[in-house]
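See below for the structure under consideration.
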Amino acid sequence: MATNESVKITVEAALKQQKKDIAQKLDFSDFSKNLADAFVTMFKDGLDQNVKNALYEGINREFSRQTEGLKEAAERLRERMYSIVNGAIWAAIPKWIYAVVGIIVLIAVGLGIWCYNLNQENTHLQKVEWLYRYERVSYDADGIRNMMLREEAIMAGDKQEQDSIKTMTIQLERRKHAERTHVYFRPSDSWTPESGNLFW
């Protein structure tokens with residue numbers, strides 16, 4: 001990269017060579033020797049100085065123009081940095097971060113809905129449990145004994161024993177038309193003996 005000083009050195013070297021060429025081409029033979037020497041000296045010095053002044057002024061103007069351009073670019077860059085820091089920071093955030101944040105928000109919303117539904121189901125089951133606790137103490141001694149056998153089968157028995165209790169329950173509901181009473185108590189399990197579901 002050229003500097004102000006290196007350009008000046010190059011110009012001065014070129015001027016020295018130019019002075020030699022001009023001095024050789026000028027013809028002062030019609031003048032007296034003293035006048036011709038004075039004129040040549042004055043002409044050479046004046047040309048040298050005038051050219052130097054003009055070139056230096058041009059160099060200074062060019063460097064000033066380039067410096068102003070660099071200052072303007074630096075000012076624009078500084079303003080851009082301030083705008084990013086002071087409010088336009090969203091423009092500097094990579095797009096993949098928006099995607100990650102969006103996915104996290106969706107997961108959080110999904111978990112929130114799931115937890116709400118789970119809490120509602122838990123509240124419902126607690127109410128059914130209180131109803132069952134009340135009903136189970138209304139039996140006589142034989143009824144309590146039979147009830148405990150059914151509890152054991154449904155709570156700790158294998159799948160066949162559980163399906164047996166479920167089948168007997170549905171048959172009794174159908175025989176007594178108990179499905180008409182499903183107003184406040186609504187079963188959450190849709191299992192029937194005809195469904196043949198192997199998983200529950």
Side-chain angles (χ1 to χ4, degrees), residues 1 3 63-200:
M1 178 181 283
T3 63
F63 275 94
S64 296
R65 189 178 64 78
Q66 291 179 5
T67 304
E68 286 300 318
L70 289 174
K71 284 181 181 175
E72 288 175 7
E75 185 64 25
R76 284 196 302 271
L77 182 60
R78 187 177 65 82
E79 289 174 2
R80 177 65 178 159
M81 292 298 292
Y82 279 139
S83 70
I84 288 174
V85 171
N86 293 333
I89 196 165
W90 302 108
I93 297 176
K95 300 296 184 251
W96 63 267
I97 289 182
Y98 289 118
V100 170
V101 170
I103 290 170
I104 291 172
V105 168
L106 287 176
I107 290 172
V109 169
L111 285 175
I113 293 171
W114 178 73
C115 288
Y116 173 78
N117 290 334
L118 194 62
N119 183 57
Q120 292 296 104
E121 183 179 351
N122 189 45
T123 302
H124 173 73
L125 290 175
Q126 286 177 349
K127 291 177 182 177
V128 172
E129 180 185 327
W130 279 108
L131 179 62
Y132 175 71
R133 286 174 67 179
Y134 178 80
E135 294 297 326
R136 74 195 294 269
V137 296
S138 63
Y139 293 118
D140 58 12
D142 289 337
I144 289 177
R145 195 176 310 108
N146 290 333
M147 178 212 49
M148 290 183 68
L149 290 172
R150 290 190 296 273
E151 277 184 356
E152 180 185 5
I154 199 74
M155 301 302 288
D158 58 19
K159 186 177 185 308
Q160 187 176 5
E161 291 174 320
Q162 291 174 358
D163 288 350
S164 174
I165 296 294
K166 290 178 183 179
T167 302
M168 284 190 299
T169 302
I170 288 177
Q171 287 172 351
L172 286 170
E173 283 179 344
R174 288 176 180 171
R175 190 170 66 222
K176 297 183 178 182
H177 303 289
E179 66 274 2
R180 297 175 190 170
T181 66
H182 292 170
V183 177
Y184 301 106
F185 169 73
R186 297 180 186 273
S188 59
D189 189 355
S190 60
W191 184 92
T192 62
E194 295 82 18
S195 66
N197 198 321
L198 301 175
F199 298 105
W200 60 78

[X] atom [atom1]: more than 12 heavy-atom contacts under 6.0 Å:
{"X": "M148", "atom1": "CE", "result": "no"}
{"X": "Q120", "atom1": "CD", "result": "yes"}
{"X": "E152", "atom1": "CD", "result": "no"}

Hey, can you pull the donor-acceptor pairs under 3.5 Å for the side chains in residues 103-117, sequence neighbours left out?
| residue | atom | partner | partner atom | Å |
| --- | --- | --- | --- | --- |
| N117 | ND2 | I113 | O | 3.4 |

Which heavy atom of [X] sits nearest a heavy atom of [Y], and at what distance?
{"X": "R136", "Y": "I144", "result": "O-CG1, 4.0 Å"}
{"X": "W191", "Y": "D163", "result": "CH2-O, 3.7 Å"}
{"X": "I170", "Y": "T192", "result": "CD1-CA, 3.6 Å"}

Take I165 and E161 through the side chain to side chain contact (heavy atoms under 4.5 Å, CB included) test and state the conclusion after the steps.
CA-CA 6 Å; I165 296 294; E161 291 174 320; 5.8 Å; no
Once rounded to the nearest 0.5 Å, what's the spacing between atom [atom1] of [X] and atom [atom2] of [Y]?
{"X": "R150", "Y": "T169", "atom1": "CZ", "atom2": "OG1", "result": "8.5 Å"}
{"X": "Q171", "Y": "R175", "atom1": "CD", "atom2": "CZ", "result": "8.0 Å"}
{"X": "I154", "Y": "L149", "atom1": "CD1", "atom2": "CG", "result": "13.0 Å"}

In short, salt bridge (charged side-chain N to carboxylate O under 4.0 Å, His left out) pairs touching residues 120-134 with sequence neighbours left out are none
- Apply the test side chain to side chain contact (heavy atoms under 4.5 Å, CB included) to residues N122 and L118: give CA-CA distance (whole Å), side-chain angles for both, the deciding distance (0.1 Å), then the verdict. CA-CA 6 Å; N122 189 45; L118 194 62; 5.8 Å; no
*Are the side chain of T123 and the backbone N or O of N119 linked by a donor-acceptor pair below 3.5 Å?*
yes
Original post:
Hey, are R78 and E75 close enough for a salt bridge, meaning a charged N less than 4.0 Å from a carboxylate O?
Top reply: yes
